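All values below come from the heavy atoms of this structure, side chains included, with hydrogens, waters and symmetry mates left out. All of these numbers come straight from a predicted model, not from anything done at the bench. Index from 1, following the sequence.
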Amino acid sequence: MPDTSTGSMGNNSVPSRRTVLAATAGMTSALALGGTAHAGPDGKHDDRKLRALIARMTLPEKVGQLFVMRVYGHSATAPDQADIDANLKEIGVRTAAELIARYRVGGIIYFTWAHNTRDPHQMADLSNGIQRASLAQPRGLPVLVSTDQEHGIVCRVGEPATLFPGAMAVGAGGSRADARTLGRIAGQELRALGIRQNYSPVADVNVNPANPVIGVRSFGAEPAAVAGMVAAEVAGYQHFRQLAATAKHFPGHGDTAVDSHYGFPVITHTREQWNQLDAPPFRAAIRAGIDSIMTAHIMVPALDDSGDPATLSRPILTGILREELGYDGLVVTDSLGMEGVRTKYGDDRVPVLALKAGVDQLLNPPSLDIAWNAVLKAVQDGELTEARLDESILRILRLKAKLRLFDAPYVSQDGVDRNVGTASHLRTADRIAERTTTLLVNEGSLLPLSRRTHPKVLVVGADPASPSGTTGPPTGVLAAALTELGFTATALSTGTAPSSAAIAKAVEAARAADAVVVGTYNVTASSTQKALVEQLLATGRPVVAVAVRNPYDVAHLPAVQACLASYSWTDVELRAAARVIAGRVAPRGKLPVPVQRADDPTRVLYPIGHGLSYGRG
């Protein structure tokens with residue numbers, strides 16, 4: 001089974017964490033009740049009508065409503081044969097329509113690898129097919145379709161939809177207005193595709209540079225700044241109740257050195273540190289009216305010393321999130337296929353324990369059949385009460401009503417054309433990206449490069465796979481952007497671990513160029529990317545480094561004359577970096593995280609707020 005978790009991307013940078021901690025079309029049968037279970041103009045719902053819907057549901061229908069499940073295929077009823085085969089192998093059904101008929105799931109999550117997101121018109125058709133299949137069932141309810149569209153390094157919906165800079169880039173831009181605009185436009189586009197719940201924004205405060213799973217998915221290392229960005233993006237996403245935003249990963253995944261996809265992280269923050277570092281963005285999200293919050297598969301002994309992950313912790317989810325923070329919205333688990341939630345209990349116990357802890361939605365279990373039947377059996381055996389299920393189902397239906405799914409479950413192709421990837425949206429994404437590019441080093445005012453003095457530019461470096469599967473490669477994008485700006489630029493990919501032969505080829509090509517731009521990706525002390533940069537510098541040609549993921553790369557490149565941080569390698573960020581290199585726009589980004597020295601990680605090389613502009617340094 002592919003990686004079914006939300007927001008999976010690796011990170012290999014390993015500086016110390018200690019200094020950072022210090023530095024920082026209408027319903028059918030379901031509505032045959034003499035009234036519509038919709039939200040009013042103020043967004044409020046009629047709980048009486050929703051409770052009446054719940055009262056009519058069978059126990060199996062109630063169990064199904066709690067699950068959000070993956071399914072392969074571009075169509076709800078006629079997927080490709082390979083997707084039918086994958087569905088049969090993993091879920092025991094052929095199609096999304098069969099999944100809904102058998103398990104009555106309340107939600108479906110879209111993934112690129114599951115072939116759900118080929119193009120906008122296909123996605124709209126898929127969403128409509130899912131709604132039709134669900135509403136055709138006895139007592140049919142609309143489905144909450146979700147995805148991970150964080151932007152930056154985690155995207156499920158690619159071009160021609162509008163792709164924005166990721167969270168750390170937005171944090172570098174420092175504009176809450178930009179964060180709000182991003183959420184509003186992205187929410188508008190996802191809504192047009194029939195996606196109504198987005199697992200974004202990331203509310204984790206990345207105080208650990210070695211964090212292998214969050215990193216640039218976080219807005220930064222300063223809790224108040226992250227809180228402000230989270231609240232602004234939530235306001236954008238939930239503008240006009242078009243989309244449910246999801247703050248993740250509660251109680252805070254920012255100080256881990258273990259990836260919860262593959263292990264079980266333990267966060268050693270004291271309760272006071274948690275209050276100061278991790279809690280502020282979640283408090284801000286709740287104040288902003290966040291519709292859903294996602295749990296983390298991490299252990300925080302200061303919050304619950306039982307050894308359970310937060311996803312299964314009643315003290316954390318009910319005691320802290322519900323009672324202390326006063327949150328009464330939807331709580332959704334991170335993927336139940338991740339190792340962090342499976343290390344202590346079997347797949348049959350995890351969904352039951354999550355519900356007992358206070359979870360409402362159970363996301364993407366490795367085996368839906370095992371998980372679904374385990375919850376059913378827990379109710380039949382008396383371990384869970386049907387009233388407990390009703391509490392979560394009421395929250396789920398409230399959100400569906402708020403999002404107007406009872407009144408208008410379908411989307412139109414005209415709506416896709418009017419809203420997705422419009423020229424105005426694309427221009428806005430470009431302008432936001434320009435405000436995020438951060439100039440870290442500029443010795444001798446090398447930048448901006450002049451096309452008169454440095455007309456021939458060689459672009460070399462890492463070409464990691466595109467986050468969305470529709471952009472890149474980074475060297476090609478940078479070269480094409482520089483060529484459009486008047487340079488003669490050529491691209492030569494050397495990879496994330498360049499061999500001696502690749503380095504020699506790049507050095508030979510550099511001798512015929514007037515300047516070299518090298519894209520770096522998660523440089524470490526032993527990385528051969530360091531050797532590539534050093535040998536390029538030895539040619540005497542000016543070398544400009546662009547850290548296409550972690551800004552921490554600059555600490556390992558002490559001799560480079562110029563270094564920029566783009567925080568991701570999607571087209572929108574790379575094009576912005578090219579415009580900064582060419583001087584079409586001035587760099588405006590400021591580091592939202594500190595960068596430590598490579599030779600002494602207890603000392604800060606560049607503090608939060610560092611960022612040069614032209615005419616300085």
Does [X] have any ring-ring contact (aromatic ring centres under 6.0 Å, His included) partners at least two apart in sequence or in another chain, and if so, which?
| X | result |
| --- | --- |
| Tyr606 | His610 |
| Phe164 | His151 |
| Phe282 | Phe250 |

What residues form a salt bridge (Lys or Arg N to Asp or Glu O under 4.0 Å) with [X], not counting sequence neighbours?
| X | result |
| --- | --- |
| Arg431 | Glu434 |
| Asp390 | Lys62 |
| Glu324 | Arg271 |

Please report the shortest heavy-atom distance between [X] and [Y], naming the atom on each side.
| X | Y | result |
| --- | --- | --- |
| Val68 | Ser146 | CG1-OG, 3.7 Å |
| Asn116 | Met123 | O-CG, 3.3 Å |
| Tyr199 | Lys248 | O-NZ, 2.7 Å |

Distance alone, cut at 3.5 Å: any donor-acceptor contact between the side chains of [X] and [Y]?
| X | Y | result |
| --- | --- | --- |
| Tyr345 | Asp308 | yes |
| Asn206 | Ser218 | no |
| Asp553 | Thr520 | yes |

Of all residues at least two apart in sequence or in a different chain, which pass the side chain to side chain donor-acceptor pair (under 3.5 Å) check with [X]?
| X | answer |
| --- | --- |
| Thr147 | none |
| Arg191 | none |
| Ser292 | Gln197, Thr246 |
| Arg283 | Asn275 |

- request: Please list, chain by chain and in numerical order, all residues satisfying side-chain contact (heavy atoms from CB on, under 4.5 Å) with Ala284, sequence neighbours excluded.
  value: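 For Ala284 the side-chain contact (heavy atoms from CB on, under 4.5 Å) partners, ignoring immediate neighbours, are Ala227, Ala231, Arg287.
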
field: For Phe240, all residues meeting side-chain contact (heavy atoms from CB on, under 4.5 Å), sequence neighbours excluded
entry: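 So Phe240 forms no side-chain contact (heavy atoms from CB on, under 4.5 Å) with any residue.
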
query: Any donor and acceptor pair, going by atom type alone, linking the side chain of Asp348 with main-chain N or O of Ala371 inside 3.5 Å?
result: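 Flag not set: sc Asp348 to bb Ala371 has no pair under 3.5 Å.
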
- prompt: Would you call the rings of Trp113 and Phe111 parallel, tilted or perpendicular if under 30° counts as parallel and over 60° as perpendicular?
  reply: parallel

- request: Drop me the distance from Thr162's OG1 to Ile432's CD1, to the nearest 0.5 angstrom.
  value: 10.0 Å

task: Give a yes or no on whether a salt bridge exists between Arg398 and Asp360, defined as a side-chain N under 4.0 angstrom from a carboxylate O.
output: no

